[in-house]
Amino acid sequence: MGWRSPHLPLLLFPLLTLLVRGVMNSGFRICAYNVQKFNMDKASNHRVLHTLTRVVARCDITLLQEVIDSDGKVINTLLTLLNRYEDYSYQSVSSKALGNSPSDMQQYVFIFRTETANVTDQHQYERKQSFVREPFAIHVQSEKTEIKTFVLVALHTEPSQAVQEIDRLYDVFEEVSNKWNNSNVMFLGDFHASCAYVTRVDKKNIRLFTDSRFSWLIGDKVDTTVSDQTTCAYDRIVVYGQPFLKAIRPFSAKVFNIRREFKLSKSKVLELSDHLPVEVKLKGSAHLLQATPLPVLLSACAMVQSFLSTL
């Protein structure tokens, strides 16, 4: 007769806890961060670069804005550090330098884990009269997500033109969704969509607000700034359509508070940026809790019990 432990429930509990935690932590995280003039000077600051590496390493895809990197050395420095010390391999896709002033040309850069995401195509919006920094889009395929293909569109608005530029994202949506025959589109970035730049009255003139098919995942009352003197939802994440919305983990869209999570002083955070990253999670392709968690858990229990009974 096999040996049976009277403490079997106690032995099973840690396993079940780990299993449930693993399911709860599963998902595909997309992040956006205005790094505020991320140039070689910042990339040469080891403390700043270390903090940014910790931010990017949390995400399957990260959009960085205000990157100033004409020769590619800035992003290569970041990628080298990520690939040296992290468990995943990272690559990047960059827009061209964008802006109206030679002294303020910026790039959008998407950094992604090659194990979980594949950027199959990219697209630079080119109606320059519509934007100071034209949106940059990528088409993403992932076997790790419930929704297998989707489009990410980056925008860092010009503050004085925020209302007009956010509204024109509707035209960008039509262009990229037609280009890739894919309406699973997410807009993300520093929209300046709050406080004095975009008011409640202004929203009536912005199609992404008036068209109910667009869902704003970062709410108006969220503070995406570092300063204690401001409470502004500048940085946003917006998705189009119910299929994409249903593929997003409920309540996962939020600000990642670097100051609190990394236990840094405000001055150290401000060395990197006066913005905080925003993020959202897509449901994983094996989203066990949403599917049939009870059979999975019972199966795990049965296997452990069977193993212990043979001891």
Does the side chain of N184 pick up a donor-acceptor pair with the side chain of N182 at under 3.5 Å?
yes
Answer yes if the side chains of S44 and D41 hold a donor-acceptor pair under 3.5 Å, and no otherwise.
no
Flag for N34-S273: side-chain donor and acceptor within less than 3.5 Å
no
Tell me yes or no: between the side chains of T230 and T225, is some donor less than 3.5 Å from an acceptor?
yes
Ring centres under 6.0 Å, that's the criterion: do Y234 and Y197 meet it?
yes
If the plane angle is over 60° it's perpendicular, under 30° parallel, otherwise tilted; pick one for F131 and Y125.
perpendicular
For the pair D228 and R259, find out whether any cationic side-chain nitrogen is under 4.0 Å from an anionic carboxylate oxygen.
yes
Salt bridge (Lys or Arg N to Asp or Glu O under 4.0 Å) filter on D171, not counting sequence neighbours, yields R207
Could you label the plane-to-plane angle of the F256 and F262 rings as parallel, tilted or perpendicular, counting under 30° as parallel and over 60° as perpendicular?
perpendicular
Got a salt bridge between E158 and R133, using NZ or NE/NH1/NH2 to carboxylate O under 4.0 Å?
yes
Counting N and O atoms only, with roles assigned by atom type, does the side chain of K42 sit under 3.5 Å from a partner on the main chain of V35, one being a donor and the other an acceptor?
yes
Once the angle between the rings of F209 and W216 is folded into 0 to 90°, is it parallel (under 30°), tilted (30 to 60°) or perpendicular (over 60°)?
parallel
Look at the rings of H192 and H275 and say which category their plane angle falls in: under 30° parallel, 30 to 60° tilted, over 60° perpendicular.
perpendicular
Testing the 3.5 Å rule here: is there a donor-acceptor pair between the side chains of Q106 and H156?
yes
Give a yes or no on this: more than 12 heavy atoms of other residues, nucleotides or ligands lie within 6.0 Å of atom NZ of K73.
no
N83 and S89: side-chain donor and acceptor closer than 3.5 Å?
no
Does D60 reach the main-chain N or O of F28 with its side chain, forming a donor-acceptor pair under 3.5 Å?
no
Pair R236 + D220: basic N to acidic O under 4.0 Å:
yes
